[in-house]
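Residue numbers begin at 1 in each chain, while the letters A, B, ... track the order of the sequences. Computed from a predicted model, the values in this text were never measured in an experiment. No hydrogens, no waters, no symmetry mates; every other heavy atom, side chains included, goes into these values.
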Amino acid sequence: MTPPEAPSPPAAGAAGRGFSLRAEAGARRLVLGGRIDTEAAAELWPRLMEQAAGAPSVIDIAGVEALDTTGATLLVSAEGASPGNRIEGARPQVAAVLDRVRTALAAPRPKPVAGLPTLARIGRATVEAGRGALDALAFLGELVVTLLGTLLRPGRLRFREVLRHLDEAGTRAFPLAVLLGTLLGVILAFQSAIPLRRFGAEIFVPNLVGISLLRELGPLMAGVILAGRTGSAYAAELGTMSVNEEVAALRIMGIDPMALLVLPRVLAGLLVMPVLSLMLTLAGLAGMTAIMGLLGFPLTTVTNQLAATLKMTDLLGGLVKAAVFGLAIAAIGCRAGLGAGRGPRAVGDAATAAVVGGIVAIVVLDGIFAVAYERLGL
Amino acid sequence: MTAAEAGAAAMDAARGGLGASAGGSGPGDPGGGAGGGAAPSPAGAPGPEAERVIEARDLTAAFGATTLFRHVSFDVRRGEVFVILGGSGCGKSTLLKLMIGLVPPAEGTVSILGTGVWSTEGAGRLALLKRIGVMWQQGALFGSQTLQENVELPLAEHTSLPPAARAEVARAKLGLVGLSEAANRLPSEVSGGMLKRAGIARALALDPPILFLDEPSAGLDPITSAGLDELIRDLARALGTTFVVVTHELASILAIGDRCIMLDKAAQGMIAEGDPRTLRDESTHPTVRAFFRREAA
């Protein structure tokens, strides 16, 4: 026989908050009273559940005047905490809410999603990666076909769209390109002047910075700007259009999304990148010239050094590289947008994929260009 | 007293400050306002003596030089399903946003449970927001969270329930709207009707005494729409919740509405108020008649 228990005091704050809980002596009887709403349930939950989880108890709610669905959830959970628990004394109005919540909680729980075994996960990831690569290849093929088709029939190209994207991707990015280029030139000149000074070779700073900017850093930094600013915007815009089924609507109307949406953006990327790269490079050279001035070298010395070092192939090589970077970044942005899934998260994922994909692509392409230029003796 | 009426009474008492009169089984609204009395409302609606939980006075909504409506005044009584209806572009959703404090009125005042929506700030406003729930037209569920997590969010923010309790309470709310088995799905993985029901479950999370629903039936098939109407009536009766519903779905208006107001774009204001069935049968206003009879204006 269970030894008699002393009655427990009402729950803390009960008097002020309009609810009470006590365990009665002798029998396992948990007596609740007052108003069991969300706030009261939050306070009572740990204590009631602890007491209800012990030996079978009667949960006496005759004193409960009012109950909301959260309070009812607490009572039903306490009733289920031990097999012998039962609720007694509910007033009709309280019983109505209690019954409704009891029915709601009795509904089957969602089936747990079984995780795939490791091997299957690897297999699925591999298949998805392969499928992604094939999709990318198909997209590239479709883009080339559209491009060739447009070359044969230039009237199909929407010039107004191209101009709009040139403005958005180019004109509006010029201030950023000039700012970054200037700072890059200043930093490169200053940092390279420090070690070169030890050998009295500061005069070669223009040679170093000029080559770096023209051949590598100009196109690369412009590519980073385009990927971050424009590639992500393309992905977000086309991703939203995909989510809203605008792309599907175009297809059903017999309008090729590749010609209407992708081609103008890719052409804009192709055309705008050499200009961005050139502006960034010129701004960088200006920044470097300023630092050289501070180090005591006149403008003539800097221009003479640059003229002696730089060749037209350096400039053209950089511009060609920039154009290819622009094409790749725009195509990757468009591909990410058109391939977006459902929901707002898909648009964010597409924008991330566009930026990451764009930056990785320009680094890989830069490596390929480095090898190709070396083999061609440029 | 029926179980449904008893449930309403229980919630009335649970809401303390609201008093206890509205939960009773008053006679069907005889048409309150312009309508006059004819057919009874769907389910023992509170009578004219019931406490007014929302008071809107002389509301005017304008965007720049465009005025949507002028001098709209009405009361919402505790425990009723109050419908704001009207044709497209008349300002129904704007009126709802104005009532919940999202869009400021050009003129007029709104008070909810005695608190001025536009005159209260800080802690008072937060306390007011915790006493209303809103179901948005498209559900407005957070796409990166499951339905269960969506419902748990307000509980985690505004209550001290332990995590296990929050999960159980969220499960109960989803069960109330018949979505127990979809609890672990993302919003993108469920149908439009399920999204709306999940929106109601999230709005119910804190057991607010007033729920605002923006176009709950829009875009749903008739069967799903009827199921949602039934759910709204059911919750109103069982929990004693006051519903303010914006809709232009005729079947829904007649199925769930205890009282309604009708806005009109041409009149730039309210053209009718009363029991929707009475308005349908007895109104002499040409626009109201055309609306209820589905006639071209």
query = Is there a donor-acceptor pair closer than 3.5 Å between any side-chain N or O of B:T242 and the backbone N or O of B:G79?
reply = yes
message = I'd like to know if B:K173 pairs up with B:D207 as an ion pair, taking the criterion as any Lys NZ or Arg NE/NH1/NH2 lying under 4.0 Å from an Asp or Glu carboxylate oxygen.
response = yes
task = Please check if any side-chain donor atom of B:S217 sits under 3.5 Å from a side-chain acceptor atom of B:S252, or the reverse.
result = yes
task = Could you tell me which portion of B:T159 (side chain, backbone, both or neither) has an atom closer than 4.5 angstrom to a non-hydrogen atom of chain A?
result = side chain
note = Greatest number of non-hydrogen atom pairs under 4.5 angstrom with chain A, of B:R171, B:E181, B:E189, falls to B:R171
key: A:T70 versus chain B, the contacting section by heavy-atom distance below 4.5 Å   = both
request  = Considering only heavy atoms and a distance below 4.5 Å, find which of A:V101, A:T73, A:L105, A:D99 pairs most often with chain B.
outcome  = A:L105
inquiry  = If you compare all heavy atoms of A:R335 against all heavy atoms of A:D135, which two are closest, and at what distance to 0.1 Å?
reply    = NH2-CB, 3.1 Å
ask   = Between atom CG of A:L238 and atom CZ of A:R265, what is the distance when rounded to the nearest 0.5 Å?
value = 4.5 Å
Interface residue of largest heavy-atom contact number with chain A, from B:G175, B:G178, B:A182, B:A205, under 4.5 Å = B:G175
